[in-house]
K.L.:
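What follows is a single structure, and I will ask about it in a moment.
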Amino acid sequence: ATFAAMVSRLDRDVSRVMKLLEEKGIADNTIVIFTSDNGTHVEGGHDPNFFDSNSIYRGTKRDLYDGGIHTPFVVSWPAVIAPGSETDHVSAFWDFLPTICDLIGEKKPKGIDGISYLPTLTGKGRQHKHDYLYYEFHERGGRKAVLKDGWKLIQLNVNEPEKTRFELYDTNADPSEQNNVIDANPKMAAKLMKIMEKSRTENPNWNFTPDAP
């Protein structure tokens, strides 16, 4: 009940913001972005199955299945983006900073991994794309994932090499990630393993170590 009430309140407050922009006469050229930092959660008594929070996607927050990392991203910019427009461009939160820099004409910081998706929003210019996306998570035994061209390789139990295992999913054909096809695609799995290995930057604050008892 609390979760449902929070969603209702969020809807109402977003509506208040949008109506105020219209009243001020600035709605058409104001950019409003609605998103979240991860997939659905189970904290606070929220039941994602009851609310069908993840639709077809497997997993929840702290998973590297799409249910844990696939997020909503809705942009309202009436003067530029036609209502109901959709895109299959793959991006991540580290793309937000370079996008805003491009938008306001500022230089992007050096040494960042983000790619501006402003061309996708405006429909103008060439949209550069990520060759792949790399993820890692340090709880629940330690997890890594690589997403490339619709293929996703997931490594589980990173903290315990003797128990670690890999799963491979063709997310274009199997967006719910129900069929582990690693045995049928050893070359693709090996390719993504190499990417996973080279993508990680060692950091003393973010080591994969056995979970504390």
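Side chains included, hydrogens not; waters and symmetry mates left out as well; all remaining heavy atoms used.
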K.L.:
Stepwise, does the side-chain contact (heavy atoms from CB on, under 4.5 Å) test hold for Lys144 with Ser199?
P.N.:
CA-CA 10 Å; Lys144 299 179 184 178; Ser199 295; over 6 Å; no

K.L.:
Is there a side-chain contact (heavy atoms from CB on, under 4.5 Å) between Thr35 and Val74 once you walk through the steps?
P.N.:
CA-CA 6 Å; Thr35 186; Val74 183; over 6 Å; no

K.L.:
Please say whether more than 12 non-hydrogen atoms of neighbouring residues, nucleotides or ligands are located less than 6.0 Å from CD in Glu162.
P.N.:
yes

K.L.:
Is there side-chain contact between Asp37 and Lys61, with heavy atoms separated by less than 4.5 Å?
P.N.:
no

K.L.:
Taking side chain to side chain donor-acceptor pair (under 3.5 Å) as the test, write out the residues that go with Ser91, two or more places apart.
P.N.:
none

K.L.:
Locate the shortest heavy-atom distance separating Asp174 from Tyr169; write the atom from each residue and the value.
P.N.:
OD2-CD2, 3.9 Å

K.L.:
Please say whether more than 12 non-hydrogen atoms of neighbouring residues, nucleotides or ligands are located less than 6.0 Å from CH2 in Trp206.
P.N.:
no

K.L.:
If every non-hydrogen atom of Asn207 is compared with every non-hydrogen atom of Pro204, which pair is closest and at what distance?
P.N.:
ND2-O, 3.5 Å

K.L.:
Got a list of side-chain donor-acceptor pairs under 3.5 Å for residues 17-32, not counting sequence neighbours?
P.N.:
{"unit_1": "Asn29", "atom_1": "OD1", "unit_2": "Trp77", "atom_2": "NE1", "d": "3.4"}
{"unit_1": "Thr30", "atom_1": "OG1", "unit_2": "Ile26", "atom_2": "O", "d": "2.5"}

K.L.:
To the nearest 0.5 Å, tell me how far Leu147 CG sits from His130 NE2.
P.N.:
10.5 Å

K.L.:
What residues, two or more places apart in sequence or in another chain, satisfy salt bridge (charged side-chain N to carboxylate O under 4.0 Å, His left out) together with Arg12?
P.N.:
none

K.L.:
Of all heavy-atom pairs between Ile154 and Ala145, which one has the smallest distance, and what is that distance?
P.N.:
CG1-CB, 4.1 Å

K.L.:
Does a side-chain heavy-atom distance below 4.5 Å link Asp170 with Trp151?
P.N.:
yes

K.L.:
Please write out which residues are connected to Val7 in a hydrophobic cluster, directly or through intermediates, given that two of Ile, Leu, Val, Met, Phe, Trp, Tyr count as joined at side-chain heavy-atom separations below 4.5 angstrom.
P.N.:
Phe3, Phe50, Phe51

K.L.:
Treat each ILVMFWY residue as a node, draw an edge where side-chain heavy atoms are under 4.5 Å apart, and state whether Ile33 and Val80 are in one component.
P.N.:
yes

K.L.:
Quick one: which residue pairs count as a salt bridge (Lys or Arg N to Asp or Glu O under 4.0 Å) with a foot in residues 123-136, not counting sequence neighbours?
P.N.:
Asp131-Lys148, Glu136-Arg200

K.L.:
Linking I/L/V/M/F/W/Y whenever any side-chain heavy atoms sit under 4.5 Å apart, do Tyr65 and Ile56 land together?
P.N.:
no

K.L.:
When you measure from the side chain of Asn179 to the backbone N and O of Val181, does any donor-acceptor pair fall under 3.5 Å?
P.N.:
no

K.L.:
Between CZ of Arg143 and CG of Asn159, what distance do you get to the nearest 0.5 Å?
P.N.:
10.5 Å

K.L.:
Side-chain donor-acceptor pairs under 3.5 Å in residues 189-197, sequence neighbours left out?
P.N.:
none

K.L.:
Among residues at least two apart in sequence or on other chains, which ones pass salt bridge (charged side-chain N to carboxylate O under 4.0 Å, His left out) with Glu43?
P.N.:
Arg62

K.L.:
Kindly write out the residues that satisfy ring-ring contact (aromatic ring centres under 6.0 Å, His included) with Phe208, not counting sequence neighbours, or none if the list is empty.
P.N.:
His138

K.L.:
With the 4.5 Å side-chain cut-off for hydrophobic clustering, are Val90 and Leu153 part of the same group?
P.N.:
no

K.L.:
Would you confirm whether Thr60, through its side chain, and Thr40, through its main-chain N or O, come within 3.5 Å as a donor-acceptor pair?
P.N.:
no

K.L.:
Could you list the residues that satisfy ring-ring contact (aromatic ring centres under 6.0 Å, His included) with Tyr57, not counting sequence neighbours?
P.N.:
His70

K.L.:
I'd like a table of donor-acceptor pairs (distance under 3.5 Å, sequence neighbours excluded) in which one partner is a side-chain atom from residues 104-120, with atom names and distances.
P.N.:
{"unit_1": "Lys108", "atom_1": "NZ", "unit_2": "Asp102", "atom_2": "OD1", "d": "2.9"}
{"unit_1": "Ser116", "atom_1": "OG", "unit_2": "Asp102", "atom_2": "OD2", "d": "2.9"}
{"unit_1": "Ser116", "atom_1": "OG", "unit_2": "Leu118", "atom_2": "N", "d": "3.2"}
{"unit_1": "Thr120", "atom_1": "OG1", "unit_2": "Gln127", "atom_2": "OE1", "d": "2.7"}

K.L.:
Do the side chains of Ser15 and Asp11 get nearer than 4.5 Å, heavy atoms only?
P.N.:
no

K.L.:
When you group the ILVMFWY residues by side-chain heavy-atom contacts below 4.5 Å and let the links chain together, are Ile81 and Ile100 in the same group?
P.N.:
yes

K.L.:
What pairs with Lys152 under side chain to side chain donor-acceptor pair (under 3.5 Å), at least two apart in sequence or on another chain?
P.N.:
Asp66, Glu177

K.L.:
State, with a plain yes or no, whether a side-chain heavy atom of Thr164 is found less than 4.5 Å away from one of Gln155.
P.N.:
yes

K.L.:
Please examine the side chains of Leu133 and Val146, heavy atoms only from C-beta on, and report whether any two atoms are closer than 4.5 Å.
P.N.:
no

K.L.:
Met6, Leu10: one ILVMFWY side-chain cluster at the under-4.5 Å cut-off?
P.N.:
no

K.L.:
Determine whether Tyr134 and Thr201 make a side-chain contact, defined as any pair of heavy atoms from C-beta on separated by less than 4.5 Å.
P.N.:
no

K.L.:
Quick one: pull up CZ in Phe137 and CG in Asn38 and give me the separation to the nearest 0.5 Å.
P.N.:
9.0 Å

K.L.:
Has Ser176 got a side-chain atom pairing as donor or acceptor with Gln178's backbone, closer than 3.5 angstrom?
P.N.:
no

K.L.:
Is there a donor-acceptor contact under 3.5 Å from the side chain of Asn157 to the main chain of Arg165?
P.N.:
no

K.L.:
For Gly59 versus Asn54, what's the shortest heavy-atom pair and its separation?
P.N.:
O-ND2, 2.5 Å

K.L.:
Could you list the residues that satisfy salt bridge (charged side-chain N to carboxylate O under 4.0 Å, His left out) with Asp95, not counting sequence neighbours?
P.N.:
none

K.L.:
Can you confirm whether Arg140 sits close enough to Leu156 that some side-chain heavy atom of one is under 4.5 Å from a side-chain heavy atom of the other?
P.N.:
no

